[in-house]
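Contents: one structure, followed by commentary.
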2 protein chains.
Amino acid sequence: MSQRSRRSSSAVTINEVAARAGVSAMTVSNVLLGRKKVLESTRDAVYQAVEELGYTPNAAARALASASQLRLGLIYRNPQSAFLSAVLVGALIASARLGAQLLIRSCDAENEEATAATLNGLVRSGANALLLPPPFCEIVDRSPELLAAGVPMMALSSGRELTHMPGVRVDDYEAARAMTLRLIALGHRRIALIEGPIQHYASATRLAGYRSALAASEIEEDESLIAKGDFTYDSGLVAAQRLLDLPQRPTAIFGFNDDIAAAVVSEAHRRGIVIPDELSVVGFDDTPIAVKIWPPLTTVRQPIVEISDLATQRLVEALRQPKEGGTTTTVHIPFSIIERESTGPVKP
Amino acid sequence: MSQRSRRSSSAVTINEVAARAGVSAMTVSNVLLGRKKVLESTRDAVYQAVEELGYTPNAAARALASASQLRLGLIYRNPQSAFLSAVLVGALIASARLGAQLLIRSCDAENEEATAATLNGLVRSGANALLLPPPFCEIVDRSPELLAAGVPMMALSSGRELTHMPGVRVDDYEAARAMTLRLIALGHRRIALIEGPIQHYASATRLAGYRSALAASEIEEDESLIAKGDFTYDSGLVAAQRLLDLPQRPTAIFGFNDDIAAAVVSEAHRRGIVIPDELSVVGFDDTPIAVKIWPPLTTVRQPIVEISDLATQRLVEALRQPKEGGTTTTVHIPFSIIERESTGPVKP
DNA sequence: CTGAAAGCGCTTACAG
DNA sequence: CTGAAAGCGCTTACAG
């Protein structure tokens, strides 16, 4: 006892588990990581010891020992949004689990220069991989020369598959198509939509999905039913006013996010238009606001926390594996159509 | 080179900084942590080396070396809420910064048994300190015998100062009082309110703040203006209906959270009551919904991310310091009144 | 299939 | 005021 122990906590360590199971710490590690082939009897003994002792690996030790320095840079904007909260929660949970360090930095401007500056600052602070939510993944994808090469990147919920980096997303095309088809199934023919900003690829992709649904159902498109928006509540209000002023009013409006759909609901209320009897309204994302208005919104659920978590995990994997070109695959997480009370069949 | 280096990354380490500054790694550590007295010249040399090399400490190594196992247990419910997202973001950011491991577990029931079971499970998994958002901090405070002693706890945003544990919160009493006084200053005399559930101390505390403001302004209380709610949008709708049906309608309604206030706005719209000309509506929290309805809500801003971050930090400090009774202080973070367009002077 | 040894990058307790 | 040594709990590369 030449040195007093520095640990006050009596947390169970891998060595105690190993002793209990009658194997080496290495074997415990192998079993837990599932890395090597281990005899079934050995494996069972380890699991039993883990169970009996209530062992939970020390994340810090694991992070330190495994792989190289894992530092992920995350760039964001619009700190108020529910989207960002979800992105942060997913990335933070995955980072903690995988022993990565997350460097978070905001970038308010959406131009190339500001993006490049922020990203390079992140790299200078030690980030060796980058997590890019929109619009940043799309900005970088358009001008890949912005970045010093060699830094793995992962797109998060981009509006379409990108050419220069892998990503994790929902299939916006299929999601918009499915939602539109659902409205058509309810008897709607005049289905308006309110886009997001053109810089976000999601807008164009969802529009294509919408068009494909109309075409499949042999409904002729009406350009006057397509309104501009920028994903904000206010822009939704403006767009809703224009659409509801149309001589031949739409029977359904598809907002490209929930905020926009909420604005439509609000504008409809103001005009005394009854939802869903006279107008069906649907959104996209399934953010908390969807159930905080009346009637609650039918919407496309996009599991952002899960997407962000998986993107973070894939980035860590890319960093740990010897870079042999790296992944370029885009992984698709399933979306779902959540039906609530803002939609109904067309009334004659 | 008997062992090949396992690091591919060229991240700057404390030793490189030490070499550059011409000191030992220990001294670099001391400077960075500000733990011991260090000559100013030494300190400057260290800072310069840190700067030149772009050094960022490796959080995992720091966590492993410093103090004992830092494992914080966080119990939650209502995973959809904006409140929980903010709590998570604050706790996760602080944990990452401080090298603590966060164990997160949900508990849907609000009774003592379920709470105790979940908390004890967390401790069995290695949590050596507990972070308790409402209603859990309040449940435990009422029955402190629920928990095996010796586990430091920290209340997060509790509705009042607790007797058995320290915490970080906003002063709900002063906040509700300030908001009510603001309405009074606008000329309102019939100010209704919609409470939260009684299990949440915040309800009673805010009610007391409201009463104190009325008393200070010599306005007589009217019990019919106090409506029950449970912090959900739906309960707000029901309460708003009752209040707006009153023979002598209130000129202002104070919802004890933003969801409730949003419901009031919605119900007012439905009845064609113009906000703020005929009715002022205010909320509490400043969650994203406050600016996603029309008109946007005047509300009390409660910085949840900051509260959660500080609570996590205090808990880690309590764990690191030799427990000499431990803190029992409740720290108050400032709130602010955010004025938006849902309030206005009383029109005759 | 299994293990002894080295090492990750930092901080602690101690000695000077 | 400063540093040499030990150690945190885990995984890696290697040998058997």
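Below, chains carry the letters A, B, ... as their sequence lines are ordered, and counting in each starts from 1.
A straight line from CG of A:Leu32 to C1' of D:dG9 spans 13 Å, rounded to a whole angstrom. For the pair A:Gln101 CD and C:dC8 P, the interatomic distance rounds to 17 Å; values are reported in whole Å. Put simply, CG on A:Asn15 is 13 Å from C1' on D:dG7, counting in whole angstrom units. We find that CZ of A:Arg71 is positioned 10 Å from P of C:dG9, with the value rounded to whole Å. One can place CG of B:Asn30 at 17 Å from P of C:dA15, the figure rounded to the nearest angstrom. Distance B:Glu40 CD to D:dC1 P: 12 Å, rounded to the nearest Å. Protein atom CD of A:Glu16 is 11 Å distant from nucleotide atom C1' of D:dG9, rounded to whole Å. When the C1' atom of C:dC1 is taken as reference, atom CG of A:Asp44 falls 15 Å away, rounded to whole Å.
Side-chain atoms of A:Asp141 never come within 3.5 Å of backbone atoms of A:Cys137 as a donor-acceptor pair (strictly under, hydrogens ignored).
With sequence neighbours left out, A:Arg20 forms a salt bridge (charged side-chain N to carboxylate O under 4.0 Å, His left out) with A:Glu52. For B:Ser158, the side-chain hydrogen bond (donor to acceptor under 3.5 Å, both in side chains) criterion is met by no residue, not counting sequence neighbours. A:Glu112 is linked by a salt bridge (charged side-chain N to carboxylate O under 4.0 Å, His left out) to nothing, counting only residues two or more places apart in sequence or in another chain. For A:Glu161, the side-chain hydrogen bond (donor to acceptor under 3.5 Å, both in side chains) criterion is met by no residue, not counting sequence neighbours. In this structure, the side-chain contact (heavy atoms from CB on, under 4.5 Å) partners of A:Val305, at least two apart in sequence or on a different chain, are A:Ala86, A:Val89.
Distance from the side chain of A:Val23 is smallest to C:dG3 among C:dC10, C:dG3, C:dT2. In the set D:dT2, C:dT2, C:dT12, C:dT12 carries the atom at the smallest distance from any side-chain atom of B:Met26. Comparing D:dG9, D:dC1, C:dG3 by their closest approach to the side chain of A:Thr13 singles out D:dG9. Taking only side-chain atoms of B:Tyr55, from C-beta outward, the nucleotide of C:dG3, C:dC10, D:dT11 with the closest atom is C:dC10.
Base pairing in DNA chain D yields stems of at least 3 consecutive Watson-Crick or G-U pairs, both distances under 3.5 Å, namely C:1-3 with D:14-16, C:5-12 with D:5-12, C:14-16 with D:1-3.
Comparing B:Thr42 and A:Ala61, the nucleotide of DNA chain D nearest to each residue sits closer to the 5' end for B:Thr42.
The shortest non-hydrogen separation linking B:Arg105 to B:Thr118 is CG-CG2, 4.1 Å.
Considering only side-chain N and O atoms, A:Thr27 lies under 4.0 angstrom from the phosphate OP1 or OP2 of C:dG3. The phosphate of C:dT11 (OP1 or OP2) has a side-chain N or O of B:Ser29 nearer than 4.0 angstrom.
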